[in-house]
There are 2 protein chains.
Amino acid sequence: MITATEEDYIKAVFNISQNERKEMVGTNQIAAKMQTSAASVTDMLRKLNAKELIIYEKYKGAKLSALGTSQAMTLLRKHRLWESFLVYKLGFAWDEVHDLAEQLEHVKSAELVNKLDEYLGYPKFDPHGDPIPDLNGTLTIRNQVILSTLAGSDTGVVVGVKKHDKQFLSHLNKVNIKIGAEIKILEKYEYDQSTKVMIDQKNEAVLTLAVCENIFVKPV
Amino acid sequence: MITATEEDYIKAVFNISQNERKEMVGTNQIAAKMQTSAASVTDMLRKLNAKELIIYEKYKGAKLSALGTSQAMTLLRKHRLWESFLVYKLGFAWDEVHDLAEQLEHVKSAELVNKLDEYLGYPKFDPHGDPIPDLNGTLTIRNQVILSTLAGSDTGVVVGVKKHDKQFLSHLNKVNIKIGAEIKILEKYEYDQSTKVMIDQKNEAVLTLAVCENIFVKPV
DNA sequence: ATTAAAATTTAGACAAACTTAAAAAATATG
DNA sequence: CATATTTTTTAAGTTTGTCTAAATTTTAAT
Ligand SMILES: [Mn+2]
Ligand SMILES: [Mn+2]
Ligand SMILES: [Mn+2]
Ligand SMILES: [Mn+2]
């Protein structure tokens with residue numbers, strides 16, 4: 001038996017590990033993501049270690065065990081399928097669904113998530129472009145790069161976002177960037193590292209580095 | 001802020017009060033429904049009273065306040081809309097959805113439940129025939145009687161069930177009783193209070209009192 | 001190599017929801 | 001009406017997840 005809180009910690013370890021591209025995750029990083037104290041994290045790491053969901057050594061940090069990774073995949077699958085349902089079926093916007101999925105993902109039932117998957121037609125990606133793990137926990141790998149790595153006159157199609165907070169996604173809405181949008185680099189300004197782009201051959205916009213660093217594109 | 005557990009207690013008080021047709025609900029009754037100890041119930045009643053969700057006096061029992069009743073309605077609405085979604089959209093059977101809805105009902109979001117209501121086409125009744133409260137908490141009243149009150153050669157259409165446990169509903173599946181089924185009383189046996197019935201003018205069955213007491217029918 | 005700073009753990013405490021066992025109050029019975 | 005039974009409450013303790021403050025370990029900087 002794994003609690004909802006334990007599930008969220010497992011997911012936090014997985015996400016940080018992916019984003020930072022390193023195995024071992026530190027106590028403070030987890031505390032920041034979980035919006036809790038470092039002391040609470042230490043307690044939880046000890047418990048998750050005892051349950052063999054993570055491998056943890058005092059002062060060294062934590063990484064997911066095989067069991068923990070499979071749990072993380074199950075949770076990601078649920079989270080992303082619920083987000084897909086909320087957007088594709090109920091008509092929510094992509095910047096409104098994260099907190100809801102954060103709750104729905106903890107509903108206990110393998111049957112439910114599989115029925116949901118079927119109902120949605122087995123989607124491969126969620127509304128933010130994140131891959132949805134299949135029943136075996138396998139993720140679809142996609143050819144993608146960070147928008148900020150494109151050079152002048154390169155073009156890419158938006159396939160995903162790195163951050164999922166409402167503030168960031170609402171900003172993208174304002175400049176007409178959504179999944180599937182075509183972005184052509186017009187000019188990169190050295191001075192403040194901002195970039196002038198053309199979106200869907202219609203809208204011109206200047207994007208700061210903070211924005212370009214968090215958008216995944218498929219180069220065309 | 002009301003916790004999921006508090007919500008379940010509120011619902012228990014509401015349900016018991018409805019079923020037993022009396023205002024004041026006792027500690028032991030709640031303990032039985034919540035599958036917990038009487039001591040835990042006393043603790044919770046005190047807390048709910050402090051939050052003004054119920055009116056409670058030591059040794060006297062509890063009843064819902066106006067605030068508590070509105071909370072109960074909101075929760076019933078969520079529970080029944082989720083059950084409707086699970087059956088009408090995801091294809092679950094009516095005896096598989098109660099425990100799932102018991103979890104889903106606690107997801108915090110007014111927006112979500114209203115979007116769900118719209119998506120389902122504003123159903124008035126859930127898969128068990130229970131009325132779904134509307135946005136204002138109003139229940140559709142229906143002309144119904146308990147099957148066991150019908151006399152010989154009377155006929156009724158099944159509109160609901162009083163119990164929702166899997167055991168009972170699965171039994172109804174076995175004898176082909178579902179919402180909308182037509183039941184004609186053929187003979188009532190004095191000896192063991194069982195009843196011979198004709199279901200949908202096709203299947204003959206003998207129903208015990210334990211079954212007839214928990215089926216709502218609309219007389220025809 | 002010391003020392004300063006940052007990261008992490010320990011200690012002690014709290015709230016929520018639960019448990020069992022004992023005490024008290026209410027109700028039923030002869 | 002006195003007593004037995006049932007119902008309810010109190011008391012004491014557990015688990016989960018949280019907190020703050022203090023101590024310790026690791027890492028970074030002179
Ligand atoms: Mn979550
Ligand atoms: Mn997502
Ligand atoms: Mn519930
Ligand atoms: Mn129902």
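All values below were derived from every heavy atom in this structure, side-chain atoms included, with hydrogens, water molecules and symmetry-related copies excluded. Within every chain, numbering begins at 1; the chains are lettered A, B, ... in the order of the sequence lines, protein sequences first and strands thereafter.
- Tested against A:Glu105, the residues A:Lys78, A:Arg77, A:Lys11 include a single side chain to side chain donor-acceptor pair (under 3.5 Å) partner, A:Lys11.
- Scored by the side chain to side chain donor-acceptor pair (under 3.5 Å) test, A:Asp192 finds A:Ser194 as partners (sequence neighbours excluded).
- The CE atom of A:Met44 sits 16 Å away from the P atom of D:dT15 (whole-angstrom rounding).
- The CD atom of B:Gln35 sits 12 Å away from the P atom of C:dC18 (whole-angstrom rounding).
- Taking the ring axis of B:Tyr119 as reference, the NZ or CZ atom of B:Lys89 stays within 45° of it and closer than 6.0 Å to the ring centre.
- Results of the side chain to side chain contact (heavy atoms under 4.5 Å, CB included) test with B:Leu100 over B:Trp82, B:Phe85, B:Phe92 single out B:Phe92 as the only residue that passes.
- Only at 4.0 angstrom or more do the heavy atoms of residues 8-24 of chain A sit from any atom of DNA chain C, so none qualifies.
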What string of B, S and - do you get for nucleotides 5-11 of chain C, 5' to 3', when a contact is any protein heavy atom under 4.0 Å?
-> --SSBB-
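- Using a 4.0 Å heavy-atom distance criterion, B:Ser37 is classed as a base contact.
- When all heavy atoms are compared, the tightest approach of A:Arg80 to A:Leu139 is NH1-CD2, 4.2 Å.
- Regarding A:Ile2, its CD1 atom lies at a distance of 13 Å from the P atom of D:dT16, rounded to whole Å.
- Side-chain contact, B:Asp95 with B:Ser170: a donor N or O sits under 3.5 Å from an acceptor N or O.
- In terms of the side-chain contact (heavy atoms from CB on, under 4.5 Å) criterion, B:Tyr59 has no residue partners (sequence neighbours excluded).
- With ring centers used as reference points, B:Tyr9 lies 6.0 Å or more from B:Phe14.
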Atom pairs and distances, donor-acceptor, side-chain atoms in residues 50-58 of chain A, under 3.5 Å, two or more places apart:
residue: A:Lys51; atom: NZ; partner: A:Met1; partner atom: O; Å: 3.0
residue: A:Lys51; atom: NZ; partner: A:Glu6; partner atom: OE1; Å: 3.0
residue: A:Lys51; atom: NZ; partner: A:Glu6; partner atom: OE2; Å: 3.1

Dump the pairs, protein N or O against N or O of nucleotides 2-4 of chain C, anything under 3.5 Å, distances to one decimal.
none

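- Residue B:Asp126 holds its CG atom at 5.5 Å from CD1 of B:Ile132, rounded to the nearest 0.5 Å.
- Close placement of the A:His98 and A:His79 rings is indicated, their centers lying within 6.0 Å of each other.
- Phosphate contact (OP1/OP2 of C:dT19, side-chain N/O of B:Ser40, threshold under 4.0 Å): present.
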